[in-house]
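All of these numbers come straight from a predicted model, not from anything done at the bench.
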Amino acid sequence: MTKLDNLVARPRVDVARVADLYRQLLEAVGEDPEREGLRGTPERAARWWTEFLDHDAGRTDTVFEEDLPAGTDRLVIVRGVVAWSLCEHHLLPMRLELTIGYRPCGSVLGLSKFARIVSVHAHRLQLQERIVDGVAADVAKATGSSDVGVVADGAHMCMSMRGVRQDQARTLNHSLSGAFADRGTLGGQLLAAAGAVVR
């Protein structure tokens, strides 16, 4: 797997300790971890943390050389990239749908790599804004293009199932650089492809 510069190495999940903590949590909320239905739940939950945090997205840097001169209006947009992550403030899931665009300059990034780059950033305790910025930085690094845009539309369980309980609320944010940042043709095309309101 390609190591991306903006991610910090993390220690492995202590599965036995996490299972014990889940057992204590169940007891603390008045449940019996040994009752039918909960028997084995602490261990299953602990294994899920390993699956989530120790996820290997695979190679993220495969590019193909193409005769695509820089500075043209060629545009690559990949939309509908879905990722699940965990909000670091409440440890509740968020579901993001990302649209990623860049202007090629001599090479193109393998299409599956967009999903892999998103996966690298989503499989940790996160903020939507940090995911978007990290994906944009890594797409720029992998493609060598300074013209990169990422738009994310997120549904956050911390807003829909607790607190104000607004299950229809969506969070939209973007990171636009280079030719995307001036909100001209390229930026407008990306925002339109993502279904964002263009003003």
Side-chain angles (χ1 to χ4, degrees), residues 1-15 18 44-66 75-158 170-178 180-181 190-191 193-196:
M1 174 181 162
T2 299
K3 300 297 181 193
L4 301 173
D5 294 340
N6 53 357
L7 298 178
V8 178
R10 215 192 39 70
R12 309 261 321 164
V13 173
D14 184 338
V15 177
V18 172
R44 283 189 294 273
R47 287 193 301 272
W48 176 83
W49 278 100
T50 298
E51 177 187 324
F52 178 71
L53 292 173
D54 292 341
H55 176 75
D56 182 356
R59 290 193 62 88
T60 59
D61 62 349
T62 305
V63 294
F64 302 98
E65 298 302 318
E66 296 290 338
L75 179 60
V76 175
I77 296 178
V78 178
R79 64 182 183 178
V81 178
V82 174
W84 285 90
S85 191
L86 281 184
C87 163
E88 66 183 26
H89 297 147
H90 300 98
L91 299 183
L92 289 172
M94 63 174 113
R95 181 187 185 277
L96 306 180
E97 185 167 336
L98 291 93
T99 301
I100 306 164
Y102 75 102
R103 191 159 67 167
C105 57
S107 63
V108 293
L109 184 62
L111 292 177
S112 69
K113 306 316 173 198
F114 292 96
R116 292 180 189 280
I117 289 171
V118 169
S119 183
V120 165
H121 290 277
H123 279 266
R124 58 200 65 250
L125 303 182
Q126 271 290 21
L127 299 174
Q128 178 171 330
E129 297 85 351
R130 190 184 303 134
I131 291 173
V132 168
D133 289 345
V135 169
D138 289 332
V139 169
K141 180 179 177 184
T143 62
S145 176
S146 59
D147 303 323
V148 174
V150 178
V151 181
D153 182 348
H156 295 250
M157 299 300 106
C158 58
R170 309 289 295 187
T171 301
L172 186 70
N173 75 302
H174 54 72
S175 174
L176 306 175
S177 64
F180 288 94
L190 183 68
L191 292 169

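Between the Arg116 side chain and the Ala57 main chain, a donor and an acceptor come within less than 3.5 Å of each other. Listed for the Ser177 side chain is no donor-acceptor partner under 3.5 Å among the backbone atoms of Asp147. Between the side chain of Thr143 and the backbone N or O of Val139 there is at least one donor-acceptor pair closer than 3.5 Å. Listed for the Glu97 side chain is no donor-acceptor partner under 3.5 Å among the backbone atoms of Gly154. In terms of modelled atom types and a separation under 3.5 Å, the side chain of Tyr102 and the main chain of Leu109 share a donor-acceptor contact. Listed for the Ser85 side chain is a donor-acceptor partner under 3.5 Å among the backbone atoms of Arg124.
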(request) Output, in order, the C-alpha distance, side-chain angles, deciding distance and verdict of side chain to side chain contact (heavy atoms under 4.5 Å, CB included) for Val120 and Thr60. (result) CA-CA 9 Å; Val120 165; Thr60 59; 4.1 Å; yes

(request) Show the numbers, then the answer: is there a side chain to side chain contact (heavy atoms under 4.5 Å, CB included) between Ile100 and Val118? (result) CA-CA 10 Å; Ile100 306 164; Val118 169; 3.8 Å; yes

(request) Please test Val18 against Arg47 for side chain to side chain contact (heavy atoms under 4.5 Å, CB included), starting from the C-alpha separation and ending with a verdict. (result) CA-CA 9 Å; Val18 172; Arg47 287 193 301 272; over 6 Å; no

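Counting heavy atoms from C-beta outward, Val150 and Phe180 have side chains that stay 4.5 Å or more apart. Proximity of Arg95 to Val82: side-chain heavy atoms (C-beta onward) are separated by under 4.5 Å at one or more points. Side-chain contact between Leu98 and Val151 is absent, with no heavy atoms from C-beta onward closer than 4.5 Å. In this structure the side chain of Leu53 never reaches within 4.5 angstrom of the side chain of Thr50, judged on heavy atoms. For the pair Leu127/His89, a side-chain contact is recorded, criterion being any heavy-atom separation below 4.5 Å from C-beta on. Counting heavy atoms from C-beta outward, Leu190 and Leu176 have side chains that approach closer than 4.5 Å. Contact of the Gln128 side chain with the Asn173 side chain is registered, since non-hydrogen atoms from C-beta on lie closer than 4.5 Å. A heavy-atom distance below 4.5 Å is found between the side chains of Leu191 and His174.
Taking the six-membered ring where the residue is Trp, Trp49 and Phe52 present perpendicular rings, their angle passing 60° and hence far from 30°.
The CZ atom of Arg59 sits 11.0 Å away from atom OG of Ser112, with the distance rounded to the nearest 0.5 Å. Once rounded to the nearest 0.5 Å, the distance linking CH2 of Trp84 with CD of Gln126 reads 15.5 Å. Here the CG-CG distance, from Asp153 to Leu96, works out to 8.5 Å after rounding to the nearest 0.5 Å.
Of all heavy-atom pairs between Pro104 and Val76, the closest is CG-CG2, 3.7 Å. What you find for Glu88 and Leu125 is that their closest heavy atoms are OE1-O, 3.6 Å. Here the closest non-hydrogen pair linking Ala122 and Ala83 is CB-CB, 3.9 Å. Between Leu86 and Leu91 the shortest heavy-atom distance is CD2-O, 4.0 Å. Residues Cys158 and Leu92 approach most closely at CA-CD1, 3.7 Å, considering heavy atoms.
Counted by atom type alone, Glu51 and His123 present zero donor-acceptor pairs between their side chains at under 3.5 Å.
Counting heavy atoms of neighbouring residues, nucleotides and ligands inside a 6.0 Å radius, atom CZ of Arg79 does not exceed 12 of them.
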